[in-house]
Amino acid sequence: MSYEVMSYQTCLKYFPVPVTYDSARARCQADGAHLIKIDSKEKFDVFKDYHVPIANNTLIQVWIESIKVNGQWQFHDGFLMPNVCHIEMSRGPEEVHVRARIHGSTDLYYQDAPNNTPFHYSCEYSP
């Protein structure tokens, strides 16, 4: 599905296949895309608008680009993740990535997770 977000366009594709974070990232890259990077409120809204109907009142959990470095959430390029969604943290030392938990039409939040736990993923393609 393609979306216009401010001055750029993005295409998203959801994969309902449970994989680890590293596997999700590698699969997106092999397909010429990258794991969804929610770097603005506008992109968060696009992510929500796209995934809530997919969830259809069931729980889905989707990896998003993230890594915890020295206690701070950031993207792989080193930029800090913006505070567009609350992150539930268990504070475990192995929980260094974030997944989005989507259930119903309004229940969407981030939660930390270890790399080796399998969740669904969405790739972001540049047109």
Side-chain angles (χ1 to χ4, degrees):
M1 181 161 295
S2 180
Y3 288 91
E4 289 283 338
V5 181
M6 307 224 1
S7 61
Y8 62 92
Q9 187 178 46
T10 188
C11 298
L12 301 177
K13 185 173 181 183
Y14 170 71
F15 294 87
V17 179
V19 297
T20 65
Y21 181 87
D22 287 341
S23 179
R25 213 170 152 227
R27 288 174 180 217
C28 288
Q29 289 172 346
D31 202 28
H34 57 273
L35 201 56
I36 178 74
K37 179 179 178 180
I38 303 174
D39 55 1
S40 68
K41 173 72 167 106
E42 292 81 12
K43 199 179 289 182
F44 174 79
D45 291 341
V46 165
F47 178 86
K48 185 176 180 179
D49 289 348
Y50 179 68
H51 289 86
V52 164
I54 292 169
N56 194 24
N57 290 318
T58 62
L59 174 65
I60 62 171
Q61 299 183 74
V62 180
W63 286 120
I64 61 172
E65 183 182 327
S66 58
I67 189 163
K68 190 190 293 184
V69 177
N70 297 323
Q72 291 192 311
W73 290 106
Q74 63 185 39
F75 301 114
H76 291 282
D77 60 11
F79 285 97
L80 296 179
M81 288 180 65
N83 187 19
V84 296
C85 184
H86 174 70
I87 301 175
E88 292 281 329
M89 291 187 286
S90 58
R91 305 201 191 280
E94 72 283 355
E95 292 170 336
V96 296
H97 298 294
V98 171
R99 68 188 186 266
R101 293 176 48 96
I102 304 121
H103 187 263
S105 62
T106 58
D107 187 19
L108 189 158
Y109 61 93
Y110 297 161
Q111 187 168 11
D112 61 356
N115 174 56
N116 62 353
T117 305
F119 297 112
H120 298 178
Y121 65 102
S122 286
C123 297
E124 181 176 10
Y125 300 81
S126 298

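Quick caveat, the model's predicted, so the values are computed rather than measured.
- Considering only residues two or more places apart in sequence or on other chains, Gln72 meets the side chain to side chain contact (heavy atoms under 4.5 Å, CB included) condition with Leu80.
- Panel note: side chain Asp77, backbone Phe79; a donor-acceptor pair is recorded below 3.5 Å.
- Using a 4.5 Å cut-off on side-chain heavy atoms (C-beta onward), Pro18 and His120 make contact.
- By the 4.5 Å heavy-atom criterion applied to side chains, Phe15 and Arg27 are not counted as neighbours.
- Cluster partners of Ile67, by chain and number: Val69. The rule joins Ile, Leu, Val, Met, Phe, Trp and Tyr whenever side-chain heavy atoms lie under 4.5 Å apart.
- In this structure, Glu124 pairs ionically with Lys43, as a charged nitrogen and a carboxylate oxygen lie closer than 4.0 Å.
- Checked for salt-bridge contact, Lys41 and Asp45 meet the test: a charged N lies under 4.0 Å from a carboxylate O.
- His103 is linked by a ring-ring contact (aromatic ring centres under 6.0 Å, His included) to nothing, counting only residues two or more places apart in sequence or in another chain.
- For the atom pair CD of Glu88 and CG of Asp112, the computed distance is 9.0 Å after rounding to the nearest 0.5 Å.
- At least one side-chain heavy atom of Cys85 sits under 4.5 Å from a side-chain heavy atom of Leu108.
- Considering only residues two or more places apart in sequence or on other chains, Tyr21 meets the ring-ring contact (aromatic ring centres under 6.0 Å, His included) condition with Trp63, His76, His97.
- With sequence neighbours excluded, no residue forms a salt bridge (Lys or Arg N to Asp or Glu O under 4.0 Å) with Lys48.
- No donor-acceptor pair closer than 3.5 Å links the side chain of Asp22 to the backbone N or O of Asn115.
- By the ring-ring contact (aromatic ring centres under 6.0 Å, His included) test, Tyr109 is found to be paired with no residue, residues two or more places apart in sequence or in another chain being considered.
- Under the 4.5 Å side-chain criterion, counting only non-hydrogen atoms from C-beta, Met89 is in contact with Trp73.
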